[in-house]
Number of protein chains: 2
Amino acid sequence: MDVRLRRKKPAGKSTRIQEVNRRIILDAALEVFSTYGFRGSTIDQIADRAGMSKPNLLYYFKRKQDIYVSVLEDTLADWLQPLADMDPLGDPVTELQRYIARKLAMSAARPEASRLFANEILQGAPAIQKFLRTTLKDLVDEKAAVLRRWMTDGRIAAVDPHHLIFMIWAMTQHYADFETQVRAIIGSEADSTAFRQTAGQAITTLLLDGLKRR
Amino acid sequence: MDVRLRRKKPAGKSTRIQEVNRRIILDAALEVFSTYGFRGSTIDQIADRAGMSKPNLLYYFKRKQDIYVSVLEDTLADWLQPLADMDPLGDPVTELQRYIARKLAMSAARPEASRLFANEILQGAPAIQKFLRTTLKDLVDEKAAVLRRWMTDGRIAAVDPHHLIFMIWAMTQHYADFETQVRAIIGSEADSTAFRQTAGQAITTLLLDGLKRR
DNA sequence: GTCCTGTTTTACCGCTTGGTCAACAATTGA
DNA sequence: TCAATTGTTGACCAAGCGGTAAAACAGGAC
């Protein structure tokens with residue numbers, strides 16, 4: 001089981017019904033896989049949520065792994081876009097603010113996607129190991145170099161750039177991955193846009209200005 | 001399935017063999033559950049890792065849930081200790097540094113414990129829902145009040161204290177929960193103590209001093 | 001109508017899973 | 001020493017699992 005790094009092209013023709021049902025299945029699969037992980041999810045669960053019988057689902061995806069890999073491929077590229085878009089020529093603080101804001105927006109808009117990766121990585125990333133070691137590593141190394149240049153140029157404070165990227169990931173994805181915990185502590189208010197704004201402000205303030213009084 | 005909030009006392013007498021084998025089982029179960037979550041783990045896996053037959057394991061814990069709940073109970077209390085120990089009368093910056101350092105040390109020393117919670121919460125926290133809404137919420141609210149007092153007293157910058165706590169959790173636990181990803185990007189060096197020190201410095205610097213040049 | 005293609009369902013298979021049971025082995029205590 | 005207790009195991013079961021086969025169904029082209 002392994003994801004292809006590029007979005008697979010349908011190659012052959014596909015009917016309208018195929019497109020619709022594939023979409024329905026992938027949506028249902030995302031919800032299930034993002035909650036229980038690959039091993040903890042069952043085809044029946046996905047079929048139920050997709051509103052179709054198990055054999056019918058298996059008519060569109062021959063095996064459980066195929067669904068899983070498709071869901072992962074479907075979201076991987078999108079997920080890295082904000083980091084890829086960080087502009088080496090832009091103003092460092094503006095770029096970082098923008099990056100954080102976009103990551104936070106994605107976590108809020110598609111928390112299941114975040115949880116899907118979290119589950120995959122927790123389980124040792126069997127399906128995306130290669131992706132992590134190549135595409136992701138290359139992108140992160142490239143952006144870390146950009147950050148380092150900003151630091152040696154004295155435009156932002158010196159912190160290990162890899163760790164900085166990890167920290168931004170950790171903070172922005174926390175509200176998606178640990179939503180249950182956040183909601184248990186904060187209450188229903190955790191859904192409000194006000195809460196999300198406060199979270200964004202807190203992250204930005206902490207990362208950019210720090211806690212110490214100046 | 002639900003954890004009891006206090007450590008259960010053995011009540012009846014228990015033999016030496018019982019104590020030893022329970023410990024072996026719980027250690028094996030922690031490794032398995034922390035990787036695959038409750039639903040993704042099997043009793044056979046745990047029995048294999050514990051080096052005993054499945055019926056023998058079930059002699060000590062009647063059901064899969066019982067093992068799971070026991071493992072959770074075993075680690076929950078320890079996990080919150082650092083936050084509980086944060087001293088309202090201490091120096092804010094010192095206390096925060098200490099808290100971060102202890103959390104980071106725990107994540108490094110027992111990453112499986114961190115991943116166990118991550119998995120449980122990702123799956124909607126079916127076993128510790130009550131714990132999150134009572135014990136954890138109370139503790140967090142209490143410490144958030146302490147942080148808020150420090151802020152209104154002008155001893156640290158003003159950031160929403162709940163979010164601050166979430167951010168510290170996110171950052172310190174990231175290296176345990178996403179170890180696979182970190183290792184894929186950093187390489188084997190990720191195990192080194194040097195790497196861990198750099199991580200600690202980065203977190204502390206970011207949280208306390210921020211990124212902007214002063 | 002009837003053929004063809006694509007879609008859906010019913011029935012099923014073999015394997016894994018959580019869990020039981022009864023028999024057997026080891027330990028303990030008098 | 002020997003019986004009672006505690007610990008261990010192989011055989012087994014019912015339910016759940018991923019997956020298959022084949023028949024039934026739908027709809028358009030002729």
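Just so we're on the same page: letters track the sequence lines, and every chain starts at 1.
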Between R102(A) and D85(A), does any NZ, NE, NH1 or NH2 come within less than 4.0 Å of an OD or OE carboxylate oxygen? yes
Can you tell me if N56(A) touches the phosphate of dT7(C), counting only side-chain N or O atoms and a distance under 4.0 Å to OP1 or OP2? no
Separation of F61(B) atom CZ from dT8(D) atom P, in whole Å? 13 Å
Y36(A) OH to dC17(D) P, in whole Å, measures 12 Å
Should L96(A) and L147(A) be marked as a side chain to side chain contact (heavy atoms under 4.5 Å, CB included) after you check the CA-CA gap, both sets of side-chain angles, and the distance that decides it? CA-CA 10 Å; L96(A) 282 168; L147(A) 289 170; 4.1 Å; yes
Figure out the CG/P separation between L57(A) and dT9(C), and round it to whole Å. 12 Å
Tell me, for nucleotides 24-30 of chain C in 5' to 3' order, what letter each nucleotide earns: B for a base near a protein heavy atom under 4.0 Å, S for only sugar-phosphate near one, - for neither? -------
Nearest heavy-atom contact between I168(A) and T172(A) is O-OG1, 2.7 Å
Can a donor-acceptor pair be found, under 3.5 Å and without considering hydrogens, that links the side chain of K143(B) to the backbone of A84(B)? yes
Using whole Å, report how far CZ of R22(A) lies from P of dG6(C). 13 Å
Reported NZ-to-CD distance for the pair K103(A) and Q173(A), which is rounded to 0.5 angstrom: 4.0 Å
Is a side-chain N or O of K54(B) found less than 3.5 angstrom from the main chain of I46(B), in a donor-acceptor match? no
Lys/Arg N to Asp/Glu carboxylate O, D191(B) vs R183(B), below 4.0 Å: yes
Is the charged tip of R22(A) near the ring of Y60(A): under 6.0 Å from the six-membered ring centre and within 45° of its axis? no
Measuring to OP1 and OP2 of dT8(C), would you say a side-chain N or O of Y59(A) lies under 4.0 angstrom away? no
Checking side-chain polar atoms at under 3.5 Å, does S114(A) have a donor or acceptor matched by the opposite partner on D177(A)? yes
Reading nucleotides 11-22 of chain C from 5' to 3' and marking B where a protein heavy atom lies under 4.0 Å of the base, S where only the sugar-phosphate is that close, and - otherwise, the string is B-----SBBBB-
May I ask you to decide whether R148(A) forms a salt bridge with D141(A), counting only side-chain N to carboxylate O separations under 4.0 Å? no
Please tell me if S53(A) has a side-chain N or O lying less than 4.0 Å from either OP1 or OP2 of dT8(C). no
Answer yes or no: does a side-chain N or O of N21(A) lie under 4.0 Å from OP1 or OP2 of dT8(C)? yes
Between Y60(A) and dT8(C), is there a side-chain N or O to OP1/OP2 distance below 4.0 Å? yes
So which protein nitrogen or oxygen atoms get under 3.5 Å of nucleotides 27-29 of chain D's nitrogens or oxygens?
none

Do H163(A) and F195(B) make the cut of ring centroids closer than 6.0 angstrom? yes
Look at Q18(B) and dG7(D) and indicate whether a side-chain polar atom (N or O) is within less than 4.0 Å of OP1 or OP2. yes
